[in-house]
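Counting convention: from 1, in listed order, for ligands and their atoms alike. Note that these values count all heavy atoms, side chains included, but never hydrogens, waters or copies made by symmetry.
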Amino acid sequence: MSNCNQCEQTARGVCCPITSETKGVCGKNEDVQSLQETLLYGLKGMSAYATHARRLGASDPEVDAFVQEALFLTMTNVNFDVPTTLEYVLECGRMNLKVMKMLDEAHVAVMGKPAPAEVKEGTQAGPGIVVTGHDLLDLKKLLAACEGTAVKVYTHGEMLPAHMYPNLHKHPNLAGHYGGAWQKQLREFDAFPGAILATTNCIQTPRDSYAGRFFTTGAVAAPGATRVKDDSYRTIVDKALALPPCKDEITGKSTVGFHHSVILDKAGAIVDAVKAGKISHFFLIGGCDGAEPGRSYFSDYAAACPSDSFVLTLGCGKFRIRDHSYGTLLGLPRLLDMGQCNDAYGAIVVAVKLAEAFKCTVNDLPLTMVLSWFEQKAVAVLLTLLHLGVKGITLGPKPPAFVSPGVFKVLQDRFDLRLAGTDAKADLARAMGKA
Ligand code: SF4
Ligand code: SF4
């Protein structure tokens, strides 16, 4: 069931409830409404990536034109047809692939070629700033503003992969990583004594206890926080210098930086190992994270993957699965952190290149994708995978509420889209053809 209230003729001047039994006043049915919402959410997610890319100097007029046309499709009395709306939904996936590629290339051009990097976790003695969100350019500019000061900068949440880019990693003020995924901000930011910079989505409304030292950039804002405008990052540095210092509390170390270029540098050895039976399977387990208990499905799944398989991860879903000890395979960690959610592009590149090497399709590879979703960037990534014809993806922890039963049936029939069950081990056995 969905409510639409976007036009004047909305029922009773309130909203049109659209269900399997009821249509909108205009005649829009449940499946068209579902696909229009899917398209809108995909456009939102793609726009987030496109905004990052534009800040780095990359844009694409074809993508911009598509956004306008696709929004137009969702207006009142433009399109009541399931097949054409589905066509636009999948085209959104194609456009998002272009955007993710553009963003990946812009990241590498500005931040340097990624390489595995060891990251200290926790805090070190001295004034500190923690940076959350996804925007690497904000981090770069903040680091420039810190130069010559004793301020130590820590990544938080999805900023962790920043350490794989040499132009960021080598910066003397980038000290390490603090904290876990976005949903732990309230507790973690409360405990962090320094300044906080939120660069993108996945912020939690700051508590009063730290709102006065909470800064935002761009479209991000929150009550009590300060929006940094005109590149005045020095304001945050001055605040950090005036606040109590962080304690020396290193909690561990981790290795990040298995960008697609790093993995593909070893493609020959990986292909040989698969042919020799030394690698049984690849799993991509990642995406978003959230607070629901059902998300333990993903940690259970990753822990149960056989010891001769690699587990690729990305997005903040990594925080849920990385506490397990996976060991190594062929001299590499079995759990390979490919980066942020937008680095799903990298997973696609690896899959396509492996398929080329084996002279098969991506769907014929020993590869299983288990994706956790939370918000609209994950929707855009899913649409990209569907546009590419990837089948058998498992999605969880809950089905998207905006996908009607009719639309889900279409996606199941055409793409074998699956929902995360309650038994991760059983789903894994099925994925490996042992159930
Ligand atoms: S667009 Fe259709 S479903 Fe939406 S409010 Fe208008 S009449 Fe109702
Ligand atoms: S992966 Fe998704 S949920 Fe996690 S921080 Fe990024 S956008 Fe938010």
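- Inter-residue side-chain proximity for Ile203 and Gln185 is flagged as met; some heavy-atom pair is nearer than 4.5 Å.
- Listed by chain and number, the residues in a salt bridge (charged side-chain N to carboxylate O under 4.0 Å, His left out) with Asp289 are Arg320 (sequence neighbours excluded).
- The distance between the ring centers of Phe189 and His156 falls below 6.0 angstrom.
- In summary, the aromatic rings of Tyr165 and His163 are positioned with their centroids too far apart to meet the 6.0 Å limit.
- For CG of Asp208, the number of neighbouring non-hydrogen atoms (other residues, nucleotides, ligands) closer than 6.0 Å is 12 at most.
- The contact shell of ligand 1, taken as protein residues with any non-hydrogen atom closer than 4.0 angstrom, comprises Cys4, Asn5, Gln6, Cys7, Gln9, Thr10, Cys16, Ile18, Gly24, Val25, Cys26, Lys28, Thr76.
- The six-membered or imidazole ring of Tyr345 lies near that of His260, with a centre-to-centre distance under 6.0 Å.
- Remark: the Ser2 side chain and the Glu30 side chain contain no N/O donor-acceptor pair separated by less than 3.5 Å.
- Ring pair His177/Tyr154: centre-to-centre distance not below 6.0 Å.
- Around atom 2 (Fe) of ligand 2, the protein atoms of type N, O or S found under 2.8 Å away are Cys288 SG, listed by chain and number.
- No heavy atom of Gln340 sits closer than 4.0 Å to any atom of ligand 2.
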For residues 388-410, which side-chain donor-acceptor pairs fall under 3.5 Å, sequence neighbours excluded?
unit_1	atom_1	unit_2	atom_2	d
Ser404	OG	Asp31	OD1	2.6
Ser404	OG	Val407	N	3.1
Lys409	NZ	Asp413	OD1	3.3
Lys409	NZ	Asp413	OD2	2.7

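- Set against the non-hydrogen atoms of His134, the atoms of ligand 2 under 4.0 Å away are 5 (S), 6 (Fe), 7 (S).
- Between the side chain of Gln124 and the backbone N or O of Gly176 there is no donor-acceptor pair closer than 3.5 Å.
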